[in-house]
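This report refers to the structure that appears directly beneath it.
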Amino acid sequence: MSISATSHKIGEPVRRREDQRLLTGKGRFSDDVNLPNQVYAAMLRSPHPHARIRAIDSGKALAMPGVIAVFSGSDFIADGMQPIPYNQFTLHPAEMQLPNSDGTPAFTAPCYSIAIDKARYAGEIIAIVIAKTVNLAKDGAEAIEVDYEVLPAVTGTIAAADSKAPRLWDDARSNVCVDADVGAKDATAAAFARAAHVATLTTWIQRVTGVPMEPRAAVGEYDAATQRYTLHAGSGGAVRLKKDLALIFDTPVEKVRVRMDDVGGNFGTRGMIYPEFALVLWAARRVGLPVKWTCDRSEAFLSDFQGRDLAVTAELALDKEGTFLAMRGSNIGNAGGHTGSYTPLQKGVEIMSSLYRMPCANFRARAVVSNTTPTRPYRSSGRPEVMFVMERLIDIAAREFGFDRIELRRRNLLKSSELPYTNPFGMLYDSGDYHAAMDSALKLGDWAGFAGRRADTKVRGKLRGIGAANYVDTATGAPRERAEITVHPDGNVDLVLGIISNGQGHETSFAQLVHEWLGVPLDSVRLITGDTDIVSVGGGTHSGRGMRMGSVVIWNSANEIIAKGKRIAARLMECDPSVIRFADGRFAIENDGQAKSIFEIAAAAEQLKDLPDDLRGPLAAFSDESFNEASFPYGCHVCEVEIDPTLGTLEIIKYSAVDDVGRAVNPMIIHGQVHGGIVQGVGQALMEQCYYDPASGQPLTGSFMDYAMPRADNFPFFDTEISEVPCTTHPLGMRPAGEGGTTPALGVVINAVVDALAEYGVTHIEMPATPERIWRAIHGKSN
Amino acid sequence: MYDFAYLKPASLSDAANQLASPDSKLLAGGMSLIPSLKLRLNRYATLVDLGALADLKGIRREGDALVIGAMTPHAEVAASDEVLTVLPALASLAEGIGDPLVRNRGTLGGSIANADPAADYPAAVVGLGASVITNRRTITADDFFKGVFETALQPDEIITAVRFPIPKRAAYAKYRQPASRFALVGVFAVQSANGVRVAVTGAAPSVFRLAAAEAALIKRFAVAALDGITLDTEGLNSDIHASAEYRAHAVVEMTKRAVAAALK
Amino acid sequence: MPTVAMTVNGKSVAGNVEGRTLLVQFLREHLQLTGTHVGCDTSQCGCCTIHLNGKGVKSCAVLALACEGADVVTIEGLATGGTADVKLHPMQEAFREHHGLQCGFCTPGMIMSAVDMVKRKGHDLDEKAIRKQLEGNICRCTGYHNIVLAVQAGAAAMKGN
């Protein structure tokens, strides 16, 4: 990567265009937005995980200097404000749905942006204070007196599922909101009955949080004359946010505008609308001034959506040769304090069997609510959890029943010739070469040379372990996306898209596509995404949909521009359109010196008077498509660790990854995505956890003092390799690349740790595998 | 943060006078104080910034001791030739506090006055049997730390310097808490003409001396002398980062590492 | 309200602030230098790193009033040239070349911290030293891999400057 790309075409490691402003402090993040006369909001949040709100007295707060207003849930309801319109499940046609076994609908309860009757998690918003400065708003929030009736709380996932647990909603039968049974129950039972071996695992994929480095911030403005709301706030997508806000305000969508520029990370955490976004707009309307709110990090630990939190019991049945016969088990996902999203549960259980040949499977899938911060999809929603389970089960089976870990994988890994393959949950894997990915990763990680390295480590009194993990990802996401391309005579090309870059480098990679397909300079392309007055359609950035969908609508639009351009060029050069060839940004007559640049054609389109209607005006085209198929990125990671048994401390010695992206647009960016993804996965495996005190329900990880963030000195350099087996369901052969780094990382790290500890008879270790946990495992102490 | 009056006295006596007014608090490097104010954990009417008092900065040799000014930043201690030569254990401790940016601003005096149970400097002060010099008196290390964020300082007393006797050998071994990077357990082991001292930070509400290890090491200053030593979990910290049981084990292990490093 | 005057990126500036105004607030809110970011409230993330009298510090843990007469350099003061012909500092250029940033939020602090690191530790930095010295800066996007490469290259490139 030391040699700068001279070509800007697809496949080149083009240096990023957005970097110039980000490197020089000229980025424009949400908290950088300031409007004239703006006032500031502070949120009063519940200190209790579960409490009924008897009364709120804001008298003292209102008397404080600089405090303009205090609003609470009753004001919100009195103003006719509506609940947040959450989609609890992904309704994408390629996803498996999770109907309740007893035929009842999944339990959902309205979630308002501010607590109405009860606080259901510590950190839920009770009141909003508007004041002249942030500090005065915070002073005001402290002066509000709330009379709480503190209720018993439940935070644990399995505990919350208990019928005797404190109940979050009085009108629900229990905290269990979803209770589905998927797969083939009888066939699976029969397969288990004839199995030679059964491997089992009971585990909890712990609660973590996404921690985008930019804390959330929002500025809301309301124009009374036009009755229009404008929100300035970073998010995963602008259009969806606009629609959600219109529903909350019960106003037509054209009355809401959402604006954003640079967004400092997402990882799913920023994927859905937040209560504060509606509250700043509502407050702006109420006080008649723009209202700004900036989240403190300690506030983010309470109020940013959290992720993972899945309790699993799983079994894998094998015949005596090691062929997988079936798997079964139970998954319980913890939705937190509101019924906002069951998506991670859904997206996990449908690929429990990963990319192995699995004749049948049967799982019970439940979602519970609990007195914890609500959860949402977090980088690779649902999949790292189940890949962890599958890859652990394979290692457990190998060790317990005497198989080689790799041979056991190889025997059951689907071959290219078996694809497309329908897994036991009905998911259709399109294409790929899973064996090649695993072989490459084993080579990259020098699996063959491990025994020698382990021996060297032993001499130094340490323990060395190696692990491998395959994975498959299900990328779906909001199906509809739209691109609009306009070629301007002045040499600029506008690309309007409903996909927001949260750091993925879209200004570069999408420009590479336009550059390649329209032959225009890379720097001529202006990507416009963060203004719903310009962007009308688009699903935002999640589920590996950015490049996957963006590329197709850009491709379609570019082709239409070329087709139009040929007809205009034919007019200009007085020939038949069929003899015009388009290449490198020029429309040329075949076997003739005459040619016109695309910008000359754009000028002609705007100037020529005698063009047919469909060619007159700006040289522009749009493509608006729905993508109803899922994509299945896959790959294999290998990890090697060294453990100091005296304290259980661990060092990652080597981490190798092979990830198939079908076709790489910008390999530099893809490698970067993999690096970051690995660290988020390893962070979960080794150090991260949102802790809740089991007795009080209080969150215990409220800042970076207690939530362990991976830092530079926790890692070595990674060996990452991109595989490009074209995806057969994507017109351009592409697969997503943003989540693969994380998906297998949990499993591969724990497999390596357990391998290192095998001589002590350790068969499994829970995440995060902290030094203390490792030390306890070595000494046979309870964990 | 609650608002406060900010004062930056030009002399130690002015500082002492200003500190005497109610709800006043000294500001040294601010690396712990300011975050605690931001989180609204504390409230003061006045902050008295010692930043202008050049006399409180600096490192000098005084006979068989190093005297380090209270306002000397960690980075200066870590990089000081004098410290690296005669008391490298202290330089290495300073080099491991917080992170480089914190070390550029955080000070010795601020650290020990704050007496965070997981701070590094208290281990050195107690381990080396240092003397804390204030504008009024000299306090011995064993009398200085009183509990969680609690010291022997009077409300209007100002640390001016710390006098560290130069030992025969010493080393600090730190086990970092993974999130904050403070000491989950830190052990400062010292052998000097007056005997052996082992001070432990991070493991309990306040820095403490490990008597069993001292007794063993005074007979023979060697790692093997520590074999069989265990620590009662009673009174040790237990939190999401480590149980008391693990901390007890880590104290012994880090003591071995400190002794091994001191012998190098 | 008290006033404070200091030099920021070579220019004399002054403003009225409260006792509790942090240096980072003064920079962002009074001077509109929004390149310095706030990523936490416990002085861990390093997004707010600037140079104060030549040393890297976290501007979220320094009071504005404590900086009376000080010389401050922020990310905006690192590159040279005008708006039309900006010449990136070698460390900025190295981050661009090595893809040492994704969302860009931690980047200004990372770069200011990296330049401080070179001042303290010299130009020939090995991987381990860089990783250790980056302890005060958190990034959630890059996995640090390319940041470490960028710092190494930037440190070497600063030799010529």
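All chains are named by letter (A, B, ...) in the order of the sequence lines, taking the proteins before the strands, and each is independently numbered beginning at 1.
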Checking heavy atoms, do the side chain of [X], its backbone, both or neither come under 4.5 Å from chain B?
X      : result
C/L134 : neither
C/D41  : both
C/T42  : both

B/T107 and B/T72, any side-chain heavy atoms less than 4.5 Å apart: no
Contact check, side chains of C/H37 and C/P108, non-hydrogen atoms, under 4.5 Å: yes
Option in C/P2, C/A66, C/S43 with maximal non-hydrogen atom pairs under 4.5 Å from chain B: C/A66
Option that, when pairs with chain B are counted at under 4.5 Å, heavy atom only, ranks first among C/L65, C/N137, C/L52, C/V57: C/L65
Test item: B/R105 side-chain N/O and C/K58 main-chain N/O as donor-acceptor pair under 3.5 Å: no
Donor-acceptor contact below 3.5 Å, side chain B/N42 vs main chain B/L33: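 It does not hold such a pair.
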Ring-face cation of C/R20 near B/F4 (centre distance under 6.0 Å, axis angle within 45°):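 No; the conditions do not both hold, so C/R20 does not lie above the ring face of B/F4.
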Neighbour count above 12 (heavy atom, 6.0 Å) for B/K146 NZ: yes
B/K57 NZ: over 12 foreign heavy atoms closer than 6.0 Å: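 Counting neighbours around NZ of B/K57, 12 or fewer heavy atoms of other residues, nucleotides or ligands fall under 6.0 Å, so no.
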Measuring heavy-atom distances to chain C, does [X] have an atom under 4.5 Å in its side chain, in its backbone, in both, or in neither?
X      : answer
B/L47  : side chain
B/L27  : side chain
B/D49  : side chain
B/I34  : side chain
B/S180 : both

B/D120 vs B/T201, side-chain hydrogen bond (donor to acceptor under 3.5 Å, both in side chains): CA-CA, chis, key distance, verdict: CA-CA 7 Å; B/D120 298 300; B/T201 187; over 6 Å; no
Selection from B/M31, B/R103, B/R181 maximising heavy-atom pairs under 4.5 Å formed with chain C: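 The residue among B/M31, B/R103, B/R181 with the greatest pair count is B/R181.
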